[in-house]
Amino acid sequence: MKAAGVVAMSGLLGCEAETKTQTTKHPNIILIYTDDVGYGDVGCYGATKLKTPNIDKLASNGLRFTNSHAPSATCTPSRYAMLTGEYAWRRKGTGIAPGDAPMIIPTEKTTMADILKKAGYKTGVVGKWHLGLGDGNLDWNGSIRPGPEDIGFDYSFLIPATGDRVPCVYTENGKVVGLDPNDPIKVNYKKKIGNDPTGVENPELLKMKWSHGHNCTIVNGISRMGWMSGGNSARWIDEDMADVITEKAKAFIKDNKDGPFFLYYATHDIHVPRVPHQRFVGKSGLGPRGDAMVQLDWCTGELVNLLEELNLGDNTIVIFTSDNGPVLNDGYHDDAVEKLSGHKPAGPLRGGKYSAYDAGTRVPFIISWPGKIKPGKSDALMCQIDLMSSFAKLTGQSLAINEGLDSLELLDALLGKTENGRQNLVEHSISGTLSLIVGDWKYIEPSNGSKVAWQTGIETGNDPKPQLYNLKNDIGERNNLAHKKPGKIQEMAELLKIIRDKGRTRI
Ligand code: NG6
Ligand code: CA
């Protein structure tokens with residue numbers, strides 16, 4: 001890669017002119033990690049009812065991947081895998097984390113942030129964390145450790161879990177923001193704590209009704225998962241959340257404009273509860289889910305525009321992607337189903353969030369680096385898990401044997417120099433069902449789990465019999481070829497077993 005040179009300083013104090021080698025300045029990296037945005041939710045991926053001009057502009061100036069995946073079909077395992085470069089299904093305790101979960105990434109594990117920090121980056125995470133904090137029985141009123149600072153981040157401003165889970169407060173560098181020590185926070189996920197009204201007891205106080213699983217403490221007129229008391233001055237206002245985190249992200253960029261910096265900007269949009277700011281309400285015509293998408297598009301534009309203003313555009317890689325596929329009703333009555341109006345959140349794919357079908361993990365993935373990445377489209381098979389190795393390469397490093405166990409170095413594919421991506425990829429559904437993609441083929445292992453998730457109506461992809469699809473001819477996984485190709489099934493089942501048993505796929 002060509003890097004912008006830092007102007008060599010001439011010798012000081014009249015010493016004879018000294019030729020200094022130009023120090024290589026690595027590009028800044030902004031990873032916009034969105035929540036529950038489906039393959040079909042973005043204009044440049046085929047959405048027509050939803051307008052996403054800022055995201056589309058990023059794609060028209062950059063490279064749009066058609067076959068890039070989140071590591072899992074839900075949030076916590078995807079984030080775990082992306083940051084550590086290790087498939088989450090290899091490690092117990094990486095499932096969807098409750099809001100009081102201890103930190104899931106062991107502090108001794110090398111992460112993508114560690115790698116970039118080693119290369120001289122200032123590293124920051126702003127937004128949704130959902131990887132647990134503390135080491136069990138966390139006191140939210142004190143220092144919240146371990147946290148991001150223990151796995152390579154210099155700066156953090158977090159929504160600790162997700163918007164639908166207590167505690168509904170932000171943390172900044174390990175401290176709850178705006179907390180009054182006389183009104184301490186207590187959190188409990190087993191029983192009610194304190195006297196705050198709940199969604200079950202006081203439905204009349206709700207501005208958005210819960211449909212499943214979100215009937216505990218009411219904060220800002222919305223009942224959540226888990227109970228909390230106290231911390232009233234610190235509680236967030238959902239309508240302001242996107243503005244708050246975008247401001248923090250912009251401040252991080254400005255503070256580190258001399259670079260290089262790595263910003264992991266993890267949006268809450270378009271996860272539930274979907275409560276966009278008033279200025280976006282009604283803008284999509286598709287209800288709160290669509291409006292949250294319009295808000296997310298605006299946030300993307302804010303960051304990209306700031307880069308232009310600061311003259312950082314040419315030396316900053318911007319990635320836009322999602323942690324898992326789309327879902328409509330995910331726990332609140334927010335008209336996502338009723339106001340869909342023909343919009344197809346998964347595009348041509350089958351399934352959705354949680355699912356073993358491709359919509360679970362195949363998500364939008366756009367990368368832009370003006371002047372360095374030629375605009376276009378790539379069909380390379382990619383996974384977010386590969387960012388760690390690829391960023392190591394980008395910054396002149398290579399991973400140690402015990403790091404990034406499944407993270408493949410695919411820098412050339414990432415930068416659009418080749419369409420040779422992964423040879424295979426394991427997908428991971430909420431049921432723990434694994435699927436294997438090799439070339440055009442996809443194998444879904446047998447599973448006795450339910451076929452449809454009752455809460456969301458999403459097809460899980462589970463079947464007691466193995467499934468085999470040719471994704472090239474049948475991207476919607478409609479035509480199960482298992483009975484026609486027993487040899488292929490056997491070959492893929494064997495490879496999946498090897499990948500599982502070996503405990504790693506990178507060398
Ligand atoms: C599920 C929740 C869902 C959402 C999800 C996590 C229920 C029934 N469903 O357990 O609402 O919070 O967890 O989503 O409670 S994720 O994108 O962060 O993985
Ligand atoms: Ca998610």
Side-chain angles (χ1 to χ4, degrees), residues 31-39 41 69-83 88-89 93-101 104 127-133 158-166 168 189 198-200 208-217 222-227 238 241 264-275 288-289 292-293 296 320-334 336-337 345-346 351-355 359-365 384 428-432 449-450 452-458 460:
L31 173 56
I32 304 178
Y33 207 59
T34 69
D35 204 348
D36 299 358
V37 171
Y39 195 77
D41 277 323
H69 293 249
S72 292
T74 54
C75 162
T76 304
S78 277
R79 286 161 208 251
Y80 171 87
M82 183 181 66
L83 289 176
W89 46 264
T94 55
I96 299 175
D100 63 348
I104 282 162
K128 168 167 163 169
W129 184 239
H130 211 185
L131 287 163
L133 290 165
L158 306 180
I159 297 157
T162 73
D164 63 359
R165 284 163 168 77
V166 300
C168 299
Y189 271 76
T198 66
V200 177
M208 181 183 272
K209 305 259 184 264
W210 55 278
S211 63
H212 54 261
H214 300 79
N215 55 16
C216 307
T217 304
I222 299 164
S223 52
R224 319 277 167 161
M225 298 171 88
W227 293 269
D238 303 74
M241 189 177 269
Y264 170 35
Y265 169 69
T267 73
H268 186 259
D269 288 322
I270 57 171
H271 196 280
V272 297
R274 302 172 184 124
V275 199
R289 185 176 184 278
M293 203 56 218
L296 172 62
F320 176 96
T321 188
S322 175
D323 68 338
N324 53 250
V327 57
L328 296 175
N329 180 342
D330 206 17
Y332 295 95
H333 291 291
D334 62 4
V337 176
K353 178 177 181 176
Y354 308 117
S355 179
T361 60
R362 200 196 286 212
V363 288
F365 187 102
Q384 293 156 2
H428 174 222
S429 82
I430 192 172
S431 327
S450 60
V452 175
W454 65 267
Q455 300 100 328
T456 57
I458 290 174
T460 58

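Whatever order the structure lists them in is the order used to number ligands and atoms, beginning at 1.
For the atom pair R224 CZ and Y332 OH, the distance stands at 5.5 Å (nearest 0.5 Å).
Ion pair R289/D330 not flagged as a salt bridge, since none of the NZ, NE, NH1 or NH2 atoms sits closer than 4.0 Å to an Asp/Glu carboxylate oxygen.
Backbone or side-chain N, O or S atoms of N324 reach the Ca ion (ligand 2) at under 3.0 Å.
No donor-acceptor distance shorter than 3.5 angstrom exists from the side chain of T198 to the backbone of T217, with no hydrogens or angles considered. The closest donor-acceptor contact from the side chain of R165 to the backbone of H130 lies at 3.5 Å or more, if one exists at all.
Contacts with ligand 1 closer than 4.0 Å are made by heavy atoms of both the backbone and the side chain of D330. Here Y354 has side-chain heavy atoms under 4.0 Å from ligand 1, and that is the only part of it that gets that close.
For D323, the N, O or S atom with the smallest separation from the Ca ion (ligand 2) is OD2. As for D35, its N/O/S atom nearest the Ca ion (ligand 2) is the one called OD1. Of all N/O/S atoms in D36, OD1 sits nearest the Ca ion (ligand 2).
Scanning both residues, M82 and Q384, for their nearest heavy atoms gives CG-O, 3.7 Å. When every heavy atom of I96 is checked against every heavy atom of T76, the shortest pair comes out as CA-OG1, 3.6 Å. When all heavy atoms of I458 and P326 are compared, the pair lying nearest together is CD1-O, 3.8 Å. S72 and S78 get closest at one heavy-atom pair: O-OG, 2.9 Å. When all heavy atoms of A359 and G352 are compared, the closest pair comes out as CB-N, 3.6 Å. Nearest heavy atoms, G199 versus W210: O-NE1, 3.3 Å.
In this structure, the protein non-hydrogen atom closest to atom 17 (O) of ligand 1 is K353 NZ, 2.9 Å. Among protein heavy atoms, the minimum distance from atom 8 (C) of ligand 1 is reached at H212 CD2, 3.3 Å. For atom 12 (O) of ligand 1, the closest non-hydrogen atom on the protein side is D164 OD2, 2.6 Å. At the shortest separation from atom 16 (S) of ligand 1 among protein heavy atoms lies C75 CB, 3.2 Å.
When each atom of ligand 1 is checked for a heavy atom of N324 under 4.0 Å away, the hits are 17 (O). Atoms of ligand 1 found under 4.0 Å from any heavy atom of D35, numbered from 1 in the order shown, are 17 (O). Heavy-atom proximity to T162, at under 4.0 Å, picks out these atoms of ligand 1: 18 (O).
Put simply, the side chain of V37 reaches to within 4.5 Å of the side chain of P364, judged on heavy atoms.
Where the criterion is an N or O separation shorter than 3.5 Å, residue side chain and backbone included, R165 meets it with respect to ligand 1. Any N or O atom pair closer than 3.5 Å counts here, and H214 shares at least one such pair with ligand 1. For ligand 1, one of its N or O atoms has an N or O atom of H130 under 3.5 Å away. In terms of N/O distances under 3.5 Å, ligand 1 is not approached by T74. Annotation: K128 places an N or O atom under 3.5 Å from an N or O atom of ligand 1; distance criterion only. Taking only nitrogen or oxygen atoms, main chain and side chain alike, M225 does not reach within less than 3.5 Å of ligand 1.
K353 pairs in a side-chain hydrogen bond (donor to acceptor under 3.5 Å, both in side chains) with only one of the listed residues (T361, D36, D323), which is D36.
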